[in-house]
Each structure stands twice: as C-alpha cells, then as structure tokens.
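Report on one structure; see the data block that follows.
The figures that follow rest on heavy atoms only: side chains count, while hydrogens, waters and symmetry mates do not. Residue indices begin at 1 and follow the sequence shown. Both counts, for ligands and for their atoms, begin at 1 and track the order of listing.
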Amino acid sequence: MNKHFDVGIIGGGVIGQSIAYQLAKEGVSVVVLESQKIGSGATNAAAGMLGANSELEANDAFFQFAKESQRLYHTLSNELFEYSQINIQLVDNGMYKLAIKDDEVEALQQLVKHHSSLQWHSREVVLENEPTLSMGIKGALYIPEDGHVSPTHVCAAFSKSANYFGASIFENTPVHTIEKTAANEYTLSTPHTEFTCKHVVIANGVWSGYFFKQLGINGSLKPVKGECLAFQSSDIHLEKTIFYDHCYIVPKGDGRFVVGASMVENDWNTLPTIGGIHSLLEKVTPILANMESATLLHTWAGLRPQTDDGKPYIGQHPDGESIYFATGHYRNGILLAPQTGIMIRDLILGREQNEEYVEAFSLKRKLAQKVRG
Ligand SMILES: Cc1cc2nc3c(=O)[nH]c(=O)nc-3n(C[C@H](O)[C@H](O)[C@H](O)COP(=O)(O)OP(=O)(O)OC[C@H]3O[C@@H](n4cnc5c(N)ncnc54)[C@H](O)[C@@H]3O)c2cc1C
C-alpha cells in the first residue's frame, strides 16, 4: 500500500470529501482518513438545506461565499453524477418563511425591500401553492434560491468521484497524531499505519478541537446538538421547504418530510431526546393541517461544529506550516462544502485567492462578531 501522499485529509465528512474531490481532479495524490464511516458525523444528520438567504443576514464576505457555493451545486449535480453515478437529489423549489403573527409579517416584508431576489407572498398565494399548510398563516417570504440536497448522497458522490480521480479513502482509520518529519513533511499516525504527506488538511468537524490543542492553535469548537425527525403522510404535499420559528420541514424527493432541528449547546451525546423531538412536533403541528395522522419514520441527532463567531475556519496554519484547516461549518456545512473544497484546493496549489474570504475565515481573525443561533 502507498503510504506517501501529497495531501492527507483528516475527516471523511462532506467537507473532507469535497476537498479530496477538487484536489484529486487536479491530479494531486490524496488520502482521506476517516475514523468511522464516510459521512457518519454531522453530515448524515443534516437536512441538506442550501439556505444562503435564509440562514445568513449580513451582505458580507461570508454571504458571498455561501451564495457562490449554493450556485456551484447546479454544475456539481451533473458533474458528480458523471463520475459517481450518484444523484445528489438537488431540489430547487425554494423556501417559504412563514408569518403567522402581525410583527412577523412586518419583519419579513422589510427583508423584501432590501433583497431583490426575495418576494412577499400573500396568504392566498401561499395557500394556493401549498394547500396543506394551516389556514392560520398570514403570508410568507418566498426565497426562490434556497433549495436542498441529500447530504448523504452529496458526501458519497464527492467521495466516489474523488476515488474515480485516484484519491485513496480509508474508513475506520482514526488519526491520533500529526508529527513533522526531518524532511518537512508530516506523519499522520493511525492505529495500524503511518501515512506521510506533504500537506495536511484538518476537516474532522467538531472533533477538530483535538488537533487545535495538539498543534497549539488558538481557537475553539463546541458541539451544538441538533435533533431531527422524518415522517410521511399521503395527506400532506409540499413543494417548497417550510420555515417557521427556528423549525423547518424539508420535502424530500423520496416522499419523506424531514423536520429539524433543535439547538442544544455543549452536548456531545448523539442520541435524540424525547424532549427535543417533542419540541419539534409542537412547532410543526400548528403549521401543517393534517399532521396528526402522519407516520413517524425515524429520529436522529448530530453535532454541529460551532466556532466563536459562527463562521468556519478555512485557511492555513497561522505559522505557515503546510497544515490547512477546513472546519467549524456549524449550521451550513452542506451549503458551504463546494466552495470550501475549491478554496482549500487553491490554497494548497498556491493559486490566487479572494482576499476577503482569506481574511473572513482566517484562524488569525478577530472573533468579534456574536454568533447567530
Ligand atoms: C441536525 C443538523 C441539521 C443540519 N442541517 C443542515 C442543513 O440543512 N444545511 C447545511 O448546510 N448544514 C446543515 N447542518 C450542518 C452540517 O451538517 C455540518 O456543518 C457539516 O456536516 C460539517 O461537515 P464536516 O465534514 O466538517 O463534519 P462531519 O460531517 O462531522 O465530518 C467529520 C468527520 O471526521 C471524522 N473524524 C473525527 N475525528 C477524526 C480523526 N481523529 N481521524 C479521522 N477522522 C475523524 C468523523 O468520524 C466525521 O465523519 C446540520 C447539522 C445538524 C447536526
């Protein structure tokens, strides 16, 4: 087995796999080391919303980065299918952010004034488009660009496509240490094998904090647990993703509806609680008229990797080591995966960078901005 690679990527979630794909496509020799199964961390727990407009409020570098990433899904959908035969299940029907109270109507109508891509839909239009929503709705903000994908399929498609271009991908291979060699390379130690790489990418989600400590990097990551449920019902039909009061309903192409997600800080346990699922049901029942007869299919939970200011770390080691960080994608790692793959690829290959992005996601940035819930 070849144990010497140009780039060693720690973590086989959607971020690590996107980076592997972009690098392997350029002919770089890449190894991905995943401690469990591909996608088994936050990636498989995600609802898959591409919520650039619905999740991010300020029109800053982070928003521009998210919009570019969202757009990339349109080309990636065909490209990844060509190399992997996996359909990432991109659905582009947009999102409705509902208003039920008067002050919600006012707040959402204000947003339309500032963003040309957003529209206000009256109660009548909303109910005409989505007849199974409850009659109590006053209207909705229509966000045409915020579609969704299947995170599990995206991760698998990146992985298989990276492999198509020669990337080696190892599951059940946790990296314990990163050590510099006399030849200025890095040894990644796993329980059975040592891998030597010229560059290392740390992309192991909320568990990246372990390497921050090992490498003496300032910065922290904390888990924000999210619980979800899936149901099906022949009485409920939705075209668009529905969002209300921090709760969303995503109509998946296979007939399932995914409802998410709770926000529990500093909880490392990945089992959903009765309380968490109950709170989701309480929020969703008044929105959907026929919810009582729906069949509950399953429940699950995952850990969002949150940084102090809610923006990811995407950049090089502050001391110029050939160690790169792509972590802390918090609530939007599926949305941000395509553009993160490109940015890390270009950093490693020494290509020109968008300096605003470099600064916004740098490990050296000042963490002044308060995180959004
Ligand atoms: C309930 C929920 C809903 C979400 N919904 C959305 C959404 O709708 N849209 C969106 O854009 N985002 C969403 N997210 C966020 C998104 O899931 C994450 O931001 C994204 O998955 C992070 O990807 P990642 O690859 O960095 O981390 P992960 O997917 O967690 O992958 C990290 C991987 O590293 C592995 N690993 C850990 N330690 C080691 C080690 N030492 N060696 C080797 N491997 C290691 C882990 O096993 C894991 O597979 C949601 C998250 C949750 C929890």
Side-chain angles (χ1 to χ4, degrees), residues 8-20 31-52 54-56 66 69-70 73 95 146-152 154-155 158-159 169-178 188-191 195 200-211 214 221 223-230 241 243 247-250 252 258-264 267 270 272 276 280 299-307 310 312-314 325-341:
I9 299 172
I10 305 174
V14 72
I15 299 297
Q17 299 295 353
S18 168
I19 297 165
V31 63
V32 179
L33 304 171
E34 161 56 45
S35 63
Q36 297 183 36
K37 295 273 167 223
I38 296 305
S40 61
T43 296
N44 285 356
M49 286 184 299
L50 306 177
S54 48
E55 284 279 323
L56 307 175
S69 206
Q70 186 186 53
Y73 268 108
M95 175 188 285
D146 286 7
H148 58 89
V149 288
S150 162
T152 307
V154 170
C155 188
F158 272 134
S159 182
I169 293 157
F170 294 98
E171 296 186 314
N172 304 311
T173 308
V175 176
H176 290 160
T177 55
I178 306 170
L188 305 181
S189 304
T190 72
F195 296 85
V200 175
V201 182
I202 294 172
N204 58 326
V206 71
W207 300 275
S208 305
Y210 172 78
F211 291 112
Q214 200 181 102
L221 284 171
V224 179
K225 175 175 169 175
E227 293 147 302
C228 292
L229 64 91
T241 299
F243 195 100
C247 176
Y248 48 77
I249 308 159
V250 187
K252 292 293 179 184
V258 170
V259 178
S262 64
M263 297 275 287
V264 189
D267 186 347
T270 51
L280 293 176
T299 62
W300 67 92
L303 306 180
R304 306 175 184 91
Q306 190 200 53
T307 61
Y313 290 123
I314 312 171
F325 293 81
T327 187
H329 290 73
Y330 189 35
R331 293 169 59 99
N332 293 299
I334 309 305
L335 166 67
L336 302 171
Q339 193 65 5
T340 301

Answer with side chain, backbone, both or neither: which part of [X] has a heavy atom less than 4.0 angstrom from an atom of ligand 1?
X      : result
Trp300 : neither
Ala46  : both
Ile10  : side chain
His176 : neither

Minimum-distance protein heavy atom relative to [atom]:
atom                    : value
atom 39 (C) of ligand 1 : Asn204 ND2, 3.6 Å
atom 51 (C) of ligand 1 : Arg304 CG, 3.6 Å
atom 9 (N) of ligand 1  : Met49 O, 2.9 Å
atom 26 (O) of ligand 1 : Ile15 CG1, 3.3 Å
atom 28 (P) of ligand 1 : Ala42 N, 3.6 Å
atom 13 (C) of ligand 1 : Arg331 O, 3.0 Å
atom 42 (N) of ligand 1 : Val175 N, 3.0 Å
atom 15 (C) of ligand 1 : Tyr330 O, 3.0 Å

* Asked: Short N/O distance, under 3.5 Å, between Cys228 and ligand 1?
  -> no
* Should Leu335 be counted as touching ligand 1, given the test is an N or O pair under 3.5 Å? -> yes
For ligand 1, which atoms sit closer than 4.0 Å to a heavy atom of [X]?
X      : value
Gly226 : 1 (C)
Tyr248 : 3 (C), 5 (N)
Gly302 : 53 (C)

* Asked: Under the side-chain hydrogen bond (donor to acceptor under 3.5 Å, both in side chains) criterion, do Glu227 and Ser262 qualify, and how do the steps go?
  -> CA-CA 5 Å; Glu227 293 147 302; Ser262 64; 2.4 Å; yes
* Using atom types as modelled and distance alone, determine if a side-chain donor or acceptor of Thr327 lies under 3.5 Å from a backbone N or O of Gly205. => yes
* Structure fact -> The residue among Leu303, Thr270, Val206 that forms side chain to side chain contact (heavy atoms under 4.5 Å, CB included) with Lys225 is Leu303
